[in-house]
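These numbers come from the heavy atoms of this one structure, side chains and all, not from hydrogens, waters or symmetry mates.
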Amino acid sequence: MQIKNLTNHFLVAMPQLADTNFEKSVVLIYEHSDLGAMGLVINKPLDITLGSVLQHLGIDIDSSNISDYPVLLGGPVGQ
């Protein structure tokens, strides 16, 4: 079976991959076409929470249960 479109698929870096941008990464591809592909690195949490980001932006949240969610590194190519 050959997959021609990687939209909604995960890419998992091979252990031998030495590229520091994608080393040990899991990437969710959310768009893939003849024009290129876009995805998010989903397994590299930053040392900040969603609550601190929203507070910094001056956005009040009604639900405290989302304030502790970790913020993940969006990707090494274009963040």
Side-chain angles (χ1 to χ4, degrees):
M1 178 177 152
Q2 183 178 3
I3 297 174
K4 295 186 180 199
N5 187 304
L6 295 174
T7 299
N8 298 323
H9 284 79
F10 291 101
L11 298 180
V12 179
M14 298 294 291
Q16 302 87 344
L17 184 65
D19 181 326
T20 56
N21 289 319
F22 293 104
E23 182 179 50
K24 298 180 182 177
S25 293
V26 176
V27 180
L28 171 62
I29 302 298
Y30 62 87
E31 185 175 328
H32 184 213
S33 70
D34 292 338
L35 300 175
M38 294 191 71
L40 292 172
V41 175
I42 63 165
N43 67 323
K44 295 193 177 182
L46 298 173
D47 204 18
I48 58 175
T49 63
L50 181 57
S52 65
V53 171
L54 295 175
Q55 181 181 16
H56 177 76
L57 295 172
I59 299 172
D60 293 327
I61 53 174
D62 294 335
S63 177
S64 63
N65 65 344
I66 67 166
S67 64
D68 292 333
Y69 283 8
V71 175
L72 302 175
L73 179 66
V77 179
Q79 297 183 1

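- In the displayed structure, D19 atom CG is contacted under 6.0 Å by more than 12 heavy atoms of other residues, nucleotides or ligands.
- The two residues S25 and N43 make their nearest non-hydrogen contact at CA-OD1, 3.6 Å.
- Taking 4.5 Å as the limit, every side-chain heavy atom of V27 sits out of range of all side-chain heavy atoms of F10.
- I61 is listed as a side-chain neighbour of S67, based on a closest heavy-atom distance under 4.5 Å.
- Note: L72 CG to L50 CG = 10.5 Å, rounded to the nearest 0.5 Å.
- Side-chain contact between V53 and I48: present, with at least one pair of heavy atoms (C-beta onward) separated by less than 4.5 Å.
- Applying the side chain to side chain donor-acceptor pair (under 3.5 Å) test to pairs two or more places apart or on separate chains, those with a residue in residues 6-18 are N5-T7.
- Separating the CD atom in E23 from the NZ atom in K44 is a distance of 6.5 Å, to the nearest 0.5 Å.
- Sparse packing is recorded around CD of Q55, with 12 or fewer heavy atoms of other residues, nucleotides or ligands lying under 6.0 Å away.
- The two residues A13 and F22 come nearest to each other via the heavy atoms CB-O, 3.3 Å.
- Within the 4.5 Å cutoff, side-chain heavy atoms of L11 are placed close to those of L6.
- At a threshold of 4.5 Å between non-hydrogen side-chain atoms, the residues I66 and D68 do not count as touching.
- By the side chain to side chain contact (heavy atoms under 4.5 Å, CB included) test, I59 pairs with L54, L57, sequence neighbours left out.
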